[in-house]
Amino acid sequence: MQTFDLTTADQDFIAEVESRSHQNLKTCYQCGNCTAGCPYTFAYDYSVSQIMRLIQAGQKEAVLQSRSLWLCGSCQSCTTRCPNLIDVALVMDVCRHMAREAGYATERAVKVFVDSFLKSVERHGRAYEMGLMVAYMTRSGRIFTDVDLAPTALMRGKLPFKPHPVQGREQVARIFERFRQGGING
Amino acid sequence: MSPLDDLKTAIKSRLGELDCVIGWEQGYDQLHATPLFIRSEADLDRLVIGPLAVHNLATYLPGLRGKKVGIIVKGCDSRSVIQLLNENLITRDDLVVFGLCCSGVVSHRKIRAALPVDPGFVEAVDLSTDTLSITASGQTTILHMADIAADKCQICQYPNALIADVLVGSPQESKVLTTLACQEEFEAKSEAEKFAFWQETMSRCIRCYACRNACPMCVCRDFCISTSRDPLWLGQENTPGENMMFQLIHVSHLTGRCTECGECERACPVDIPLLLLRRYMNKQVQDVFEHRAGTALEQTPPLLTFKVEEEGIKERGW
Amino acid sequence: MSPQNIRELRIVGFLCNWCSYGGADTAGVGRFVQPTDLRIIRVPCSGRIDPLFIVRAFMNGADGVLVSGCHPRDCHYAEGNFYARRRLEMLKRFLPITGIDNRRFEYTWVSASEGQRWQHVVTEFTRGIHTLGPAPSFNPVSETEWNKLAVQASEGQGCPCHG
Amino acid sequence: MRIGVFICHCGSNIAGTVDCPKVAAKALTYPDVVFSTDTMYACSEPGQDGIIAAVKEQQLDGVVVASCTPRMHEQTFRRAVERAGLNRYMFEMANIREHVSWIGKIMEDNTIKAQELVRMAVEKLRRNRPLIPKRFETVKRVLVIGGGVAGIQAALDCADGGQEVVLIEREQSIGGKMAKLDKTFPTVDCSSCVLGPKMVDIAQHPKITLYACAEVESVGGYVGNFHITIRRKATYVDWNVCNGCGLCLEKCPSHKHPDPFNENLCTAPSINIPFPQAIPKKAAINPQSCLKLTQGKCGICATVCPLKCIDYEQKDELVDVDVGAVIVATGYDLFDWHKYPQYGQGRYPDIITSMQYERLLSASGPTGGQIKRPSDGKEPKNIVFIQCVGSRDRSVDRPYCSGFCCMYTAKQAILTKDHLPDSQSFVFYMDIRSPGKLYDEFTRRAMEEYGAHYVRGRVSMIYPQDDKLLVRGADTLAGTQVEVQADLVVLAVGAEAAAGAAQLGEKLRVCPDQYGFFVESHPKLKPVETNTAGVYLAGACQGPKDIPASVSQGSAAAAKVLGLLSKKELESDPAVARVNQPRCVGCGKCIQTCPFGAIKEVADRFGNPKAEVIDTVCQGCGICTVTCPQGAIQLEHFTDNQILAEVQALCPPKIFANYE
Amino acid sequence: MAKIAYYPGCSGLGTSVEYDSSTRAVCRALQVDLVDVEDWSCCGSSPAHTVNHVLSAALSARNLAQVEGMGLDQVATPCPSCLTNLRTAAHKMAHQDFRDQVNALLDIPCRTNVETKSVLQVFDEQVDPQLILSKVVNPLTGIKIACYYGCIMNRPPVLMRFDDHENPMAMDRLMCALGAEVLPFPLKVECCGASYGIPRGDIVARLSGKLLDAARRLGADCLVTACPLCQMNLDLRQGQINRALGENFQMPVFYYTQLMGYALGLDRTELGLNKLCVDPHRVLGKIKQPVPVK
């Protein structure tokens, strides 16, 4: 296990998480209610309450490298039940943004899925599931993902081969374009 | 029979039970009326009413407490009577009210301004429904009543006496206008402009206390806190600040009590528009408490009571 | 005349003894740092505060006046703050016609346990007064101004409609 | 006038950020000030001696002390100037600690502010005049509101001290929450064995009058002379006759109503005596469920009652009583755990409150002391206790610690093991708070000797799985999620202000704090006093408290009352309103607005109406002074001139002299 | 009832076509007047907000702006994920700074005066229960149902403002009205694994498996959902779950609109029952035939 040097806590990191999430993380008293309710805890490396504690301790690297950030399903059970009214899921989201900006992707498959999804939306204006699956499999190298489901889904007409046309897809594409130009933190 | 005759008949029938009846008579010339204290039928002959009878006679009532008094009131004056009754400052049983239906009174200040020169002594006055002709120094000027009516009459909502044992004349309708242009214009000014206006206006004030003495609601008389040592609210320096302080004491004490009779402004020898302050305060009282002083008996002045939940007051958040 | 620091403006507070004065004490005990402009006059109850005290303070050059009492229903004297609320609300609404900016006057309720709220109120109110700056003086402050005023007055400006 | 000014350093509390000698020097320039000095601790014995010496040596006739808040030491210094031979009202205080040195950081600004506050105090003092208190007799009787353990202790101590006591209790029996408990911590002795004899003492004490089923209707008067109206609610049984034989209970055919004494775990007859040790042991009819009162039929209890004391026509009764002092001991309520939807909101019968669990543990409870779970009556094996349900939780507006839940949970874990040796308790906690005498040892015993498994973390959700309850929580020390298949879940619900406390507080003019508990006069020095003279607090109505603390406060409040009533006469505060009769126009506005009826109309020698203040009734609020336009009624010590002098001191008029 | 804009969501064109078609059919039957959002685009779904909140809000806000362009002030969507995105966008855009940032990405600025609701909420709040009762021709008598709402239909409560956030009842009430026996499903708002089906199938197997297990323990004949993603995880992936957990679940997973349509006697092809992966016909066969009314 690591030893954290508490005297070198990264105050800027704490401040950044607080300001981007608009949450006061000092109010977290580590009751563990978020961890208790989180359905994903079994898959995490750090539990949610530990992530909160690490942020309080200013341990930027440990937080941003945590796989938990990528596995949070934003199911809101932590936010809904926090006794200190902290929007915990939002804090997880913000840390995930910061991890992405810092170039971390400790659950690569999740990141590739997200990127493929957004790529698909950028190109077609809507999520095109067939194209998304192909793109994901190519990029992740996991070409057998869900191939077992394909016959069932295809048979039931649930995976159309062609994307549905959106007239305003250029508008959607421009959203992505301006976003990349703007370098917005939000 | 004219309303005046009706009135005289009515007074005659009640005079026996009263110490006096307060009305108006001609003053030093035909243009100016002056209060008349009727003690006998002979006095009654001198009684006048009409647009020149400007005074609010209710001002005399608190001083005559304990005596049985009759009083002639216009619609506006009657509000003062009601307010005095509501404040327990006069006794209903000692009072006989002869109410008039009033079509308005003149503003001497406007007459003065409308005449080419200050007439000094007026030789003759001729009144018709719409005009007033004044003869002074052999010269006759005809003025239109609309131009010389007192401000309060232009927006009068209570032309007929609201309280009367005897009501004479035919009831008049209240005016459509409810606010004066000059009032709105002044209220629209910036705070700095208003401040400068009062600073300058108050430097004219000579602290003669005529406004206070004419006010029917100023019942403290010799014990006004503006002229007392204990408590000592006001310095004696004649500065705009102290003069303004005096006016603010007056308005403050009139909160929810002022009947807008305008006697203060009429009495002011240096033409300070005191009603600007009072009309504004009355509007606030109306907005917050839905209260108009002297318009109904048994009203409690709003500052002498409270509600646990005040609908009219929005708490300001911090 | 007592010394006055130029960094500070003149802010007078009228506080009821039972709630708000206690609240200000609580803020002190908690070391809740506040601007130093405010000077507090202790009165038994907000019902003792004559609106004319506030007017007097303004006429004497106060830049701001803050009144605070017990929350409605919590008055030590049962009803004092109910009367105060009516009186102070009327003053607050009346001030604009006199040319005194009514943001210079506020009234609020702070209980003895609300030290933090008191800190907040004082800080916010003081900041507001500093934004408004020093209040203008009703009396001329120099001979020149006196003379100017005298000339204006002799010309008689009067009411807008009285000419 | 000769005024002396004393600037206190308060050690470094003031002197740290205020230049005290400079303030003292400046004070010498103020009018009438003939002596000024700074002093290390003005309130200490040498400090007070210094003031007294100065008064004598300098022939002072007024003293200003600039130190802490007058709410702290005004009385101290008033007594000091009185010892020096001055009237106690010839004294003023400037608060340069709470309002200056503790809140401002800049020494220069603080010093100027302190100087101005001293100046203000001097100007006020120049207009003070000696005031002499009036003396009045007190009623030698005490009202105690609330018959829980705090109220019982207070009532007994007052009565033993020789005062008459009226004890009123809202419920049918005294005993409060403690009467429902099985055992008490940390001794695990039987609650009813401890409390029972005290309850009997209440019933038997010749100086105590007990009104159960009674509430305060209205309160008038003032310290030493309160006029209380008590509403005795209809019980439909003549309690003068009823001997508590219980025959009616047995025969009552309507017994489906939930039993509040047993926390609704079972039902009770519509005519009932809540528990065997009830004091008074009298039956009362529940008008909501009684067939006779709701539907007009039945009447069996009246038939079977051997003493014929049933009276279906009985009405509420109002009783007036005059007392000299009031002790409020209205206790607390338990937090309504239904505010946590994740705990099922009552859908799962085997999630119960800690108080319900006490009733299950109690030999006089619905299960005769056997732990059986409500759903199927089976003995539970795995029992989960969840602490901080409605405590330390902002999301349900209860951010405070209820203080006693840690201890009673440990007690319940211990008792569980005693009752069911094969059981296993799991306690979810955030922090263990056990600072009392032998308290921490007690919680350690629960873990070490009784094997309670303590888990540090909250429980996020509970849901049924087959016939168990799946409790999902966190073990933050292990850093993970944990699950327990529980047979029974006990929620350690916190304390909150009692329902009705706000209304009672309004009647007694006792303020609630932000959570609804009553505020004491000073958190350290006046813990049982309130801001209303003659009204005292005992027990959990002031904040959550366990039994030892409640009993201590009951005794403390009683001591205060005995002290107060030991004086034959009390002095009234002379800072009351006074009418300057010549100025009064007799309009009666002051009479109309006085909340206390302290002003009456009199006639002067000419028969003119005038106002007159009844000194001992006037509370000194000053509403009348503001109401009077001619300033004829002035509140002594806070007159217009005194306050105006303070305003003038702070805002010296800026007049450019335009005259020679 | 006033016209309501309808936002089908991308999955309505693919994996949840039967949800889309059954929703439209039921709305028609209950006189809920839906108008498709003109030229709608993806709301950003669950991936976008994990990348950036402004981007995510902009993708949603484009659609809100489209609704505004149609002159409507209410939009309904069957999909909780779309619902969350659209509501979150409007909620965050209440702050001027955030709104400016979002509008800077858009061609047509969004004024955020559109209220987004789930179709379920529209049924619950805007359709007269008596109307539904009057239209039932095949009561669902005889089947036991567990209603599963998914994790974000009602949470967080400050944002969603609909129904109880721990024990929602809107769907339970509807199913009850249709005659089904509704079981007290304890995991109504527990997460099914969301969009991790593709990158982390193991997570979905565990979480969805738990839901199927809880329903089976209760004795439910089927699960009823309101979310395309949940339905897909529970139905399409049920085989994967069985393999991963060594289980043998055979639990049909309906969209609630399918059962509503069934009870209301609507055209079976529109309900798309044949698109379900776990064969529902055994369960539907349990429904007692209504006794013909004279």
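Protein chains get the first letters and strands the later ones, always in sequence-line order, with residue 1 at the start of each. For clarity, every value in this text was computed on a predicted model and none was experimentally measured.
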Over all atoms of both residues, closest heavy-atom pair of [X] and [Y]:
{"X": "A:Gly168", "Y": "E:Asp39", "value": "N-OD2, 2.6 Å"}
{"X": "A:Phe117", "Y": "E:Gly44", "value": "CE2-O, 3.8 Å"}
{"X": "A:Arg178", "Y": "E:Ala104", "value": "CD-O, 3.3 Å"}
{"X": "E:Ser41", "Y": "A:Arg126", "value": "CA-CG, 4.0 Å"}

Which of residues 103-115 of chain A have a heavy atom under 4.5 Å from any heavy atom of chain E?
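Answer by number: A:Glu107, A:Ala109, A:Val110, A:Phe113, A:Val114.
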Heavy-atom pairs under 4.5 Å with chain E: which of [options] has the most?
{"options": "A:His124, A:Glu129, A:Met133", "answer": "A:Glu129"}
{"options": "A:Val172, A:Leu118, A:Val166", "answer": "A:Val166"}
{"options": "A:Lys158, A:Met92, A:Arg169", "answer": "A:Lys158"}

Answer with side chain, backbone, both or neither: which region of [X] has an atom nearer than 4.5 Å to a non-hydrogen atom of chain E?
{"X": "A:Ile175", "answer": "both"}
{"X": "A:Ser77", "answer": "both"}
{"X": "A:Phe42", "answer": "side chain"}
{"X": "A:Leu71", "answer": "both"}

Pick from [options] with the largest number of heavy-atom pairs that fall under 4.5 Å of chain A:
{"options": "E:Val17, E:Val158, E:Ile198", "answer": "E:Ile198"}
{"options": "E:Glu166, E:His165, E:Met232", "answer": "E:Glu166"}
{"options": "E:Glu190, E:Glu18, E:Gln66, E:Lys92", "answer": "E:Glu18"}
{"options": "E:Gly197, E:Gly193, E:Ser46, E:Cys43", "answer": "E:Gly193"}
{"options": "E:Arg200, E:Lys210, E:Arg206, E:Arg237", "answer": "E:Arg206"}

With a 4.5 angstrom heavy-atom cut-off, which part of [X] approaches chain A: side chain, backbone, both or neither?
{"X": "E:Leu276", "answer": "backbone"}
{"X": "E:Leu207", "answer": "side chain"}
{"X": "E:Ser11", "answer": "both"}
{"X": "E:Glu38", "answer": "neither"}
{"X": "E:Thr50", "answer": "both"}
{"X": "E:Ser195", "answer": "both"}

Does [X] reach the main-chain N or O of [Y] with its side chain, forming a donor-acceptor pair under 3.5 Å?
{"X": "E:Tyr196", "Y": "A:Cys72", "value": "yes"}
{"X": "E:Lys275", "Y": "A:Arg156", "value": "yes"}
{"X": "E:Asp107", "Y": "A:Gln171", "value": "no"}
{"X": "A:Arg142", "Y": "E:Pro199", "value": "yes"}
{"X": "A:His97", "Y": "E:His49", "value": "yes"}
{"X": "E:Arg155", "Y": "A:Cys75", "value": "yes"}

Would you say [X] and [Y] make side-chain contact, with heavy atoms under 4.5 Å?
{"X": "A:Arg100", "Y": "E:Asn52", "result": "no"}
{"X": "E:Pro157", "Y": "A:Thr80", "result": "yes"}
{"X": "E:Cys10", "Y": "A:Tyr128", "result": "no"}

For E:Arg243 and A:Asp148: C-alpha separation, side-chain torsions, deciding distance, then whether side chain to side chain contact (heavy atoms under 4.5 Å, CB included) applies.
CA-CA 12 Å; E:Arg243 280 193 293 285; A:Asp148 54 331; 2.8 Å; yes
Quick one: pull up CZ in A:Arg180 and CG in E:Leu105 and give me the separation to the nearest 0.5 Å.
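Here the interatomic distance stands at 11.0 Å.
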CD (A:Gln167) with more than 12 external heavy atoms under 6.0 Å
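No - once you tally the heavy atoms of other residues, nucleotides and ligands closer than 6.0 Å, there are 12 at most.
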I'd like to know whether NZ of A:Lys119 has more than 12 heavy-atom contacts from other residues, nucleotides or ligands below 6.0 angstrom.
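No, not enclosed.
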Evaluation steps, side chain to side chain donor-acceptor pair (under 3.5 Å), between A:Asp146 and E:Gln240:
CA-CA 9 Å; A:Asp146 285 347; E:Gln240 286 181 342; 2.8 Å; yes
E:His53 and A:Leu90: CA distance, side-chain angles, deciding distance, side chain to side chain contact (heavy atoms under 4.5 Å, CB included) verdict
CA-CA 10 Å; E:His53 288 149; A:Leu90 181 66; 3.3 Å; yes
